[in-house]
Amino acid sequence: MKQGFYGRDTRVVAEELLGKHLCRRLPSGRIIRGRIFETEAYDGFEDRASHAHKGPTARNVVMFGPPGHAYVYLCYGLHWILNFTTREKGYPAAVLLRGVEGVEGPGRTTRHFQINSRHNEQVLSRVNGLWVEDDGREICAGAIHRAPRVGIDYAGAEWAAKPWRFIWQPSR
DNA sequence: TGCGCGATTCTC
DNA sequence: AGAATCGCGCAT
């Protein structure tokens with residue numbers, strides 16, 4: 001996808017990523033792909049669930065950068081979590097990749113695609129071995145479900161309740 | 001310089 | 001229900 005795809009409203013990007021292919025060139029040279037089926041939006045300064053809501057830090061600074069870059073961080077000392085930055089430079093926002101077809105869970109996704117801190121801050125591109133492709137197939141909007149984001153109760157009831165998780169359920 | 005915790009996952 | 005496991009973020 002072009003960088004302009006990511007420089008838009010974070011919820012729109014999160015939703016439109018559904019059905020697109022997460023692509024990765026492994027160290028072996030083999031290329032693997034998976035259709036994205038679950039994402040979450042983390043948007044702006046006010047979003048108390050977002051790493052960025054208290055301003056830029058060493059970890060989250062990528063969220064303040066230009067769109068279409070990978071934001072990868074270590075969670076619970078065990079799991080790498082992959083995000084794509086959205087919106088313009090200076091506006092902190094990102095889409096969390098929770099799962100692709102056959103791989104359920106953000107930590108499992110990065111493990112499957114062998115994604116780690118090496119990819120942090122990198123622009124999504126074939127050259128960098130991590131990118132997103134659109135095969136042109138439309139997905140049925142009716143098959144998209146919205147739900148509250150996972151594991152963010154610390155954000156308080158108002159922000160935890162926002163239906164900023166997007167799940168694509170391919171029919172049959 | 002120190003310490004508590006997390007956008008999770010796995011096992012018991 | 002509890003462990004695994006460590007860099008970040010904030011207080012000291």
Side-chain angles (χ1 to χ4, degrees), chain A residues 1 5-20 22 24 26 32 34-124 130 132 144-169:
Chain A
M1 305 300 299
F5 172 86
Y6 301 97
R8 302 176 296 154
D9 180 274
T10 309
R11 284 150 299 240
V12 170
V13 175
E15 182 166 348
E16 292 191 7
L17 277 169
L18 299 178
K20 308 249 184 312
L22 178 65
R24 167 94 172 99
L26 300 177
I32 59 174
R35 285 195 110 186
I36 297 166
F37 79 85
E38 187 172 356
T39 60
E40 284 179 1
Y42 290 85
D43 185 67
F45 298 89
E46 296 190 352
D47 181 1
R48 297 185 69 83
S50 170
H51 288 167
H53 88 277
K54 289 181 180 173
T57 65
R59 178 176 67 164
N60 69 21
V61 68
V62 186
M63 293 184 72
F64 292 78
H69 288 243
Y71 169 39
V72 183
Y73 68 91
L74 187 64
C75 184
Y76 291 97
L78 295 166
H79 309 289
W80 295 106
I81 307 296
L82 172 65
N83 301 255
F84 299 155
T85 58
T86 59
R87 294 293 300 261
E88 67 278 9
K89 188 172 191 282
Y91 185 102
V95 171
L96 166 68
L97 259 82
R98 291 197 60 87
V100 304
E101 256 176 324
V103 187
E104 191 169 341
R108 290 169 173 173
T109 298
T110 53
R111 191 178 62 186
H112 183 258
F113 282 83
Q114 298 181 36
I115 291 162
N116 53 47
S117 59
R118 295 174 352 100
H119 302 279
N120 191 40
E121 297 192 64
Q122 288 194 349
V123 67
L124 299 170
L130 183 63
V132 176
I144 296 176
H145 294 244
R146 288 151 217 269
R149 295 170 292 180
V150 174
I152 53 147
D153 286 347
Y154 59 81
E158 178 193 349
W159 290 95
K162 295 202 180 289
W164 290 1
R165 179 158 60 111
F166 300 88
I167 308 147
W168 173 46
Q169 300 185 335

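Labels below follow one simple rule: chain letters A, B, ... track the order of the sequence lines, proteins then strands, and each chain is numbered from 1.
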Would you tell me whether A:Tyr6 and A:His69 have side-chain atoms, one donor and one acceptor, within less than 3.5 Å of each other? no
Could you check how far OH of A:Tyr154 sits from C1' of C:dC10, rounded to whole Å? 16 Å
Sugar-phosphate only, base, or nothing, as touched by A:Arg165 at under 4.0 Å among non-hydrogen atoms: nothing
At less than 4.0 Å, is any side-chain N or O atom of A:Thr57 found next to OP1 or OP2 of C:dC8? Yes or no. no
Atom CG of A:Leu96 and atom C1' of B:dG6: how far apart are they, to the nearest Å? 13 Å
Value rounded to 0.5 Å, distance of CG in A:Leu97 from CD1 in A:Ile115: 8.0 Å
Are A:Arg149 and A:Tyr42 in a cation-pi setup, meaning NZ or CZ lies under 6.0 angstrom from the ring centre and within 45 degrees of the ring axis? yes
side-chain N/O A:Tyr76 vs B:dA7 OP1/OP2, d < 4.0 Å: no
d(NE2, A:His79; P, C:dA3) in whole Å: 15 Å
Under 4.0 angstrom, heavy atoms only, what part of the nucleic acid is A:Ile152 near: base, sugar-phosphate, or nothing? sugar-phosphate
Give the rounded distance in Å between these two atoms: CG of A:Leu97 and C1' of B:dT8. 15 Å
P gap between C:dT5 and B:dG2, integer Å: 23 Å
Does any residue of residues 36-56 of chain A have a heavy atom under 4.0 Å from DNA chain B, and if so, which ones, in number order? A:Tyr42, A:Ala49, A:His51
Salt bridge present between A:Glu15 and A:Arg146 (N-O < 4.0 angstrom): yes
Taking CZ in A:Arg35 as the centre, count heavy atoms belonging to other residues, nucleotides or ligands within less than 6.0 Å. Is the count above 12? yes
Would you mind reading off the distance between A:Asn83 atom CG and B:dT8 atom P, rounded to a whole angstrom? 11 Å
Of all the nucleotides listed (B:dA7, C:dA4, C:dC6), which has the minimum atom distance to the side chain of A:Leu74? C:dC6
Taken to the nearest whole Å, CZ/A:Arg149 to P/B:dA7 is 11 Å
Checking A:Asn83 against A:Tyr73: is there a side-chain donor and acceptor pair closer than 3.5 Å? no
In whole angstrom, what separates A:Arg108's CZ from B:dC10's C1'? 8 Å
Which is true for A:Arg59 with a 4.0 Å heavy-atom rule: it touches a base, it touches only sugar-phosphate, or it touches nothing? sugar-phosphate
Carboxylate-amine/guanidinium contact A:Arg8 A:Glu16, below 4.0 Å: yes
Euclidean distance, atom OH of residue A:Tyr73 to atom P of B:dT8 [Å, nearest integer]: 6 Å
Taking the side chain of A:Ala58 as heavy atoms from C-beta outward, which of C:dG9, B:dC10, B:dT8 is closest to it? C:dG9
Is there a Watson-Crick or G-U wobble partner for B:dT8 with both distances under 3.5 Å, and if so, which one is it? C:dA4
